[in-house]
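Working notes for the structure below.
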Amino acid sequence: MSFFSGKFDCIVLGAGHAGCEAALSCARMGLKTLCLTMNLSSVALMACNPCIGGTSKGHLVREIDALGGEMGLAADDCTLQMRMLNLTKGPAVHSPRAQVDKNAYHIRMKNALESTEGLVLTEGECVRILTDGGRISGIVCADGAHYECRAVIVACGVYLKSRVLVGDYARESGPCGLLGANALSTSLIELGLTLRRFKTGTPPRINGRTVDFSRMELQPGDVPTHVFSFLHKPTEFEQTPCYLTYTNASTHDIILNNISRSAMYSGLINAVGTRYCPSIEDKLMRFPDKERHQIFIEPEGRNTDEMYVQGLSTSLPADCQRDMLHTIKGLEHCSVMRYGYAIEYDCLDPLALSPILNVKGIDGLFTAGQINGTSGYEEAASQGIYAGINCALHLKGEPPMYIGRSDAYIGVLIDDLTTKGTNEPYRMMTSRAEYRLLLRQDNADMRLTEQSMRTGLISSERYSLLMRKHEGIEKAKRSLEYVAPPREPLQDLLKKKGESPAQTGIKLNDLLKRNSISYYDILDAFPDLYHPDPDIIKAVETDCKYSGYIVKQQEQVKRFLELEGMLIPADIDYHGIGGLRLEARQKLTAIKPQSIGQASRISGVSPADISVLLVYIEAQRRKNAI
């Protein structure tokens, strides 16, 4: 028997990384918001690895922070160790990555939800989403609770009809032994959505007191340290180390001799797994000639001995997991605290979504996170804040926020999902971003914070910091316009760096373009110059050294935006356009692209189809103008 439990503007289903950001953004934008989770102990649960950030993922975290989100702030507060990845490569792929205390992160994020005005955090399971005339009207919970609302954001992660598998053992369960959500899938199907099955997995966890770290390679954090949030300054603290070891021939023999017992290879799993985060079984089957694979031993928290075995994700039986661990250097006598497992779950086809993550044809229904076919905390959280912002703007009757491919990694992620779709769990990578030299992790605030001003998520403190950064960059660039005469200290600097002596004066910004000379070298040689903050030095140096490439990417973005600005009429009938191939008609009708640019990125739509479409739209425009 149902009973009325309250009325809200928006209800967020799930309190994982997507749900937390969605609920916080909705409430902070003035909506009366309910965040419903099946278990309050799983708020912001880091069910898999104990880290936030990494290659491309660190970009997402900094973009979430630049928009006014919570993940970067919380991760900084709970960091055990921080490193900047890919420093031997170009600045476009530099990515911050933090080892995070899992329990502390859960408590920190839960407190953020509990203390946000207008946000109610409640334990419960939604079993049905209600609509009235094509619009969201409420939800019904398993215990009969009925809530009215104007919008729902579904952010239920991997819990939909989730099934955990270890060898030949399978149980209906969510991650970490939590309950799955077995009824909501039916409601989504009744709303017209098509569901499919994806799979992910985790490695075993071991007791650190039983590990011989002396036999492994130490992996310390960076000094000086880094931070995710633009509101924070790096501070020195005692960082918890990680360790590197490797699999070997004995490890591989155990795995290959028992491969038929793995749930992935026994036929017990039919769901699609992620290509870019494979199990150890997949690694051996795909790369049979590789003699060893990296294994990182990572701490799960300051107040626990539990360690995460990064690189050993598996669905092998428990006895095989134990035996293969004992073949690895330093783990010969390790004690297993949790065994690894595979988990399969329902998710939807993101082609059913518009570019603002609302379900096409249902007013007020948004989705975010792994239900959209993605993998990873950061991908989920970035969708969460984006869906939350657009849900709030929608309910307020304001124009949506569009973040495009040329604006942010978030824009690349959303466009890939809603335009191209995905047939496997989607993982963000720097290679997916065409304009990655413009979309660096260090300039996320410069790219996105002003765009987010209208949401109300940007504090006066954050905006003041951004303005000071703008001013500092401009002041630094002006100071580099100085032409150094061909005397000391210019000649001394060139000699020190192995450069030829100057015959004429040289602009300092031209000097900075040389690979051998850094901004700090120039400041040492010309101490009277303006000395900006380190983040400004990094930004100006990158802009200067890569100016030629940056100009080329800016030109590419200009052409890209021209196509994005060619809007397609919402009522266009693709089946009535002669010259379009059948596949193109079907894909265009299903996805309903908003622009020629978006249409050109749809799989199955050729350049010839785009030409036909352009001719048709122009003919219709002229016809209507008569």
Side-chain angles (χ1 to χ4, degrees), residues 63 66-67 350-351 353-358 360 382-383 386-387 389-390 393-394 396-421 432-440 443-444 446-455 549-574 576-577 579-581 584-585 587-626:
E63 290 175 353
L67 290 170
L351 292 178
L353 306 175
S354 81
I356 59 171
L357 294 184
N358 69 292
K360 297 171 186 174
S382 57
Q383 292 173 72
Y386 190 65
I389 286 172
N390 278 306
L393 292 173
H394 171 71
K396 290 181 173 185
E398 298 179 21
M401 172 189 282
Y402 287 108
I403 298 178
R405 300 186 72 89
S406 60
D407 299 319
Y409 272 68
I410 292 176
V412 175
L413 167 67
I414 302 300
D415 185 63
D416 278 352
L417 291 175
T418 61
T419 301
K420 302 176 182 179
R432 297 189 190 274
E434 303 93 323
Y435 314 115
R436 54 185 172 274
L437 191 54
L438 302 178
L439 308 182
R440 305 189 307 274
N443 66 5
M446 303 283 285
R447 294 184 277 114
L448 295 174
T449 295
E450 286 192 82
Q451 187 173 346
S452 193
M453 281 295 296
R454 70 184 177 106
T455 66
Y549 297 103
I550 288 173
V551 167
K552 287 182 180 179
Q553 286 208 345
Q554 288 171 336
E555 292 172 352
Q556 292 169 354
V557 167
K558 184 178 179 180
R559 293 194 292 271
F560 166 77
L561 292 177
E562 288 174 355
L563 291 176
E564 295 299 293
M566 297 179 183
L567 300 181
I568 298 175
D571 59 351
I572 191 169
D573 178 13
Y574 294 105
I577 302 176
L580 276 184
R581 294 176 306 111
R585 294 178 186 180
K587 292 287 184 69
L588 291 165
T589 300
I591 296 174
K592 297 181 175 62
Q594 297 182 344
S595 68
I596 292 295
Q598 186 185 4
S600 68
R601 295 189 296 277
I602 296 174
S603 174
V605 177
S606 70
D609 295 320
I610 295 299
S611 297
V612 170
L613 186 56
L614 283 169
V615 170
Y616 176 83
I617 291 174
E618 177 62 18
Q620 292 299 112
R621 186 190 66 80
R622 291 180 178 179
K623 180 180 177 180
N624 294 333
I626 296 176

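Everything numeric in this text was worked out from a predicted model, so none of it was measured. Just so you know, these numbers use all the heavy atoms, side chains as well, and skip hydrogens, waters and symmetry mates.
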Heavy-atom pair of closest approach, residues Tyr402 and Pro355 = CE2-CB, 4.1 Å
N/O donor-acceptor pair under 3.5 Å between Lys360 side chain and Ile591 backbone | yes
When you measure from the side chain of Thr419 to the backbone N and O of Asp415, does any donor-acceptor pair fall under 3.5 Å?
-> yes
Donor-acceptor contact present, side-chain Thr449 to main-chain Ala66, <3.5 Å | yes
Look at the side chain of Lys420 and the backbone N and O of Leu417, then say whether any donor-acceptor pair between them is shorter than 3.5 Å.
-> no
Backbone of Gly597 reached by a side-chain donor or acceptor of Ser600 within 3.5 Å | yes
Indicate yes or no: does Glu564 engage Arg405 in a salt bridge with an N to O separation below 4.0 Å.
-> no
Is the closest side-chain heavy-atom distance between Arg454 and Leu393 below 4.5 Å?
-> yes
Would you give the length of the straight line joining atom CG of Leu567 to atom CD of Gln598, rounded to the nearest 0.5 angstrom?
-> 10.5 Å
Heavy-atom distance under 4.5 Å between the side chains of Leu613 and Tyr574, does that happen here?
-> yes
Look up atom NZ in Lys396 and atom OG1 in Thr455, then write down how far apart they are to the nearest 0.5 Å.
-> 8.0 Å
Any sub-3.5 Å donor-acceptor pair from Arg447's side-chain atoms to Arg440's backbone N or O?
-> yes
Give the C-alpha distance, both sets of side-chain angles, the deciding distance and a yes or no for salt bridge (Lys or Arg N to Asp or Glu O under 4.0 Å) between Lys558 and Glu555.
-> CA-CA 5 Å; Lys558 184 178 179 180; Glu555 292 172 352; over 6 Å; no
Quick one: CD on Gln556 to CD on Gln554, what's the gap to the nearest 0.5 Å?
-> 10.5 Å
For the side chain of Asp609 and the backbone of Ser606, is there at least one donor-acceptor N/O pair under 3.5 Å apart?
-> yes
Can you tell me how far CD1 of Ile568 sits from CD1 of Ile617, rounded to the nearest 0.5 angstrom?
-> 5.0 Å
Looking only at heavy atoms, what is the nearest atom pair of Thr418 and Ser354, with distance?
-> CG2-O, 3.4 Å
Any sub-3.5 Å donor-acceptor pair from Glu63's side-chain atoms to Ala408's backbone N or O?
-> no
Heavy-atom pair with the smallest gap, counting every atom of Gly421 and Pro350 = CA-CG, 4.2 Å
Quick one: are Leu357 and Asn390 in side-chain contact, heavy atoms under 4.5 Å?
-> no
Student check: side-chain heavy atoms of Ile356 and His394 closer than 4.5 Å = no
Does a side-chain heavy-atom distance below 4.5 Å link Tyr616 with Ile572?
-> yes
Side chains of Leu588 and Pro593: does their closest heavy-atom pair fall under 4.5 Å?
-> yes
Nearest-0.5 Å distance, CG of residue Leu439 to CD1 of residue Ile410 | 11.0 Å
Using a strict cut-off of less than 4.0 Å between a Lys/Arg side-chain nitrogen and an Asp/Glu carboxylate oxygen, indicate whether Arg559 and Glu562 qualify as a salt bridge.
-> no
Check: Val605 and Leu580 side chains under 4.5 Å, non-hydrogen atoms = no
Side chain of Arg432, backbone of Tyr409: donor and acceptor closer than 3.5 Å?
-> no
dist Arg585:CZ -> Asp573:CG (nearest 0.5 Å) comes out at 9.0 Å
Do Ile414 and Ile403 touch side chain to side chain, with heavy atoms closer than 4.5 Å?
-> no
Work out which heavy atom in Met566 is nearest to a heavy atom in Leu614; give both atom names and the distance.
-> SD-CD2, 3.9 Å
